[in-house]
> 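Would you mind keeping the following structure in view while I ask a few things?
Counting starts at 1 for both ligands and their atoms, following the listed order. Keep in mind the model is a prediction, meaning the values are calculated, not measured.
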Amino acid sequence: MERVEGIEPSYAAWKAAVLPLNYTRHQRRESYRPNLPCQSAVANLRAVNSLLLSGGRVLDPANHLDTLADVLILNGKIAAVGNDAAAQAPSDIEKLDANGLVVCPGLIDLHVHLREPGQTLKENISTGTAAAARGGFTSLVCMPNTSPSIDNAGTVALIHERAAREGAVNLFVAGAITKGIAGEELAPIGGLKRAGVVAITDDGHCVQNNELMRRACEYAKMFDLPVMDHCQDYSLVTSGVMHEGRWSTSLGLQGWPSAGEEMIVARNILLAELTGASVHCQHLSAAGSVALIREAKKRGVPVSGEACPHHFTLTDAAIAGSEKFWAEDGKQVFSLQSSVGELPVWPAYDTNFKMNPPLRSARDREAILEGLVDGTIEILCSDHAPHCGFEKEVEFDYAPFGITGLEVELALSLMQLYHTKRLGLADVITKFTVAPARLLKLAKGTLSVGADADVTVFDPDRDWSFERETTASKSFNNPFYGWPLKGKAVATIVKGRKVWVEQEAVACV
Ligand SMILES: [Zn+2]
């Protein structure tokens, strides 16, 4: 259709205003993500829903299973696990040799931002779930701070429909606590539950009004939904951009104090106790938050917490540049690894180290690790938060908060928890499978016979490095490019379909 200048906006103006919002409708994915598996291969992979995984170390914490065994998948369900599984398999079944690899329930990440609808220049359901598959994740929970926000049943239905059509992995939806995530008026929580949300949260924002949060907890309890909270007291944090401490002072950046998180964690504990609602504190970063949750759990308060790899790998020293980081706080990152080679280098004020909550001190990092080890923090997740290059390539003060994480979170978690001998492999897997499934009441996170065949196959000892050219995400805002990583997913299976296998994906590039 020809458009002429006149009362209507010009075609150029329309394109500038509307096109970014409808990016997926106008651009085929391949044209700007050439590194994704080629379509024919995806089609071939998706036709398969029966598979025999032979000879792997089967780790299923939900069934207290850690043994060398075969796993038989028939018609998208787990059909048998054990030494006799192969004997039950049809003779022409496709086989995947899992010798030397770990076979575990498909990993779940309950905290990701897929940016759809409305911010699909950063990411969309197709690219975000493709990144998840590469990282070994078979189920995601997407956050509602999209544009418009997920505060009504219609938007939930839209996401479910798009995920069914374009998603590489299972996608569950978190609804908003308040309308428009504005923190002023409750969203229709009952309607959201009926539409299928698995939790409510205003993530990215935090309900400041305690009375409103109390009502949200009461409704959530009534509808049997956990309340997940991004813990940030605005009056304490104001316009802080990094952890308030020694480094914010020397770098001249405004601080975001630990108390800004701890204040809301304490508030949430009190409200969980008052209402009986299950309150989950997201992306914990501060030592005080861990101590508060540890003490509350002892009293039986229904509160829980999650941690992201960047908070237990990096510290605020990273914002002063790689030299400062490796000289002090960075020393422990690779301390138990025999050969690391050249350490990664980055400049001071690198905005890929800006996230919310911010990277904190070495003491806070240690407290998060301790909380993960003693079970105070039950869940691991990425807070995958893609942003466009042009948004991040500005002064530190003006850059948006957040980094991508789906493709490196398994490796970083294994490095900081398993390879440092702080936790056993089964404990790390528990935090990615049973624990999130239990919080959200998902029928996932196990290899029990009859369960959906969501399976992750990974090599806990694989040395590799994450490179910009290989990411499946639309965005590149990640601080871990070029890091010597250890531990990698090699096959991701969703309902019996191989949605990603390392070699085949490489062959298609
Ligand atoms: Zn958040």
Side-chain angles (χ1 to χ4, degrees), residues 108-115 119 122-123 128 140-147 149-151 172-178 180-183 187 197-208 213 216 226-234 236-243 256-265 267-268 279-286 289-290 293 303-312 314 351-360 364 368 377 379-387 391-392 399-406 409 436 439-440 475 477-479:
I108 301 166
D109 187 333
L110 87 181
H111 191 152
V112 301
H113 298 268
L114 297 187
R115 307 302 191 199
Q119 301 163 327
K122 300 172 193 260
E123 193 78 285
L140 303 179
V141 179
C142 61
M143 295 295 110
N145 62 336
T146 47
S147 181
S149 54
I150 309 174
D151 63 359
F172 297 94
V173 180
I177 297 173
T178 62
I181 311 199
V197 302
V198 295
I200 52 170
T201 174
D202 270 5
D203 183 50
H205 299 263
C206 177
V207 177
Q208 300 296 293
M213 191 63 173
V227 181
M228 308 202 292
D229 198 21
H230 166 118
C231 304
Q232 179 178 351
D233 184 312
Y234 293 174
L236 279 170
V237 173
T238 62
S239 46
V241 294
M242 71 173 288
H243 175 59
W256 186 145
S258 296
E261 175 179 285
E262 293 153 358
M263 189 72 76
I264 298 294
V265 169
R267 182 274 305 262
N268 288 346
V279 181
H280 177 74
C281 296
Q282 297 178 288
H283 44 44
L284 295 170
S285 67
S289 305
V290 183
I293 291 176
V303 66
S304 56
E306 68 184 34
C308 310
H310 46 266
H311 286 131
F312 57 82
L314 301 168
T351 57
N352 285 325
F353 293 86
K354 180 176 178 182
M355 57 286 278
N356 185 349
L359 299 173
R360 298 208 184 272
D364 292 298
I368 299 292
I377 304 173
I379 293 171
L380 290 164
C381 63
S382 66
D383 189 11
H384 178 81
H387 290 293
E391 295 174 294
K392 278 287 198 182
F401 293 99
I403 59 167
T404 64
L406 280 163
E409 62 177 307
L439 176 76
L440 302 169
S475 292
N477 53 313
N478 190 287

> For the side-chain contact (heavy atoms from CB on, under 4.5 Å) test, which of Asp229, Asn268, Ile264, Asp202 pairs with Val207?
Asp202
> Would you check if the Zn ion (ligand 1) lies under 2.8 Å from any N, O or S atom of Asp203?
yes
> Would you find a donor on one side and an acceptor on the other, under 3.5 Å apart, between the side chain of Gln282 and the backbone of His280?
no
> Could you tell me the angle subtended at the Zn ion (ligand 1) by ND1 of His230 and NE2 of His283, rounded to 10°?
90°
> Under 2.8 Å from the Zn ion (ligand 1), is there any N, O or S atom belonging to His111?
no
> Is a side-chain donor-acceptor pair under 3.5 Å present for Glu123 with His113?
no
> Verify the distance criterion only: is there a donor paired with an acceptor across the side chains of Ser475 and His387 at less than 3.5 Å?
no
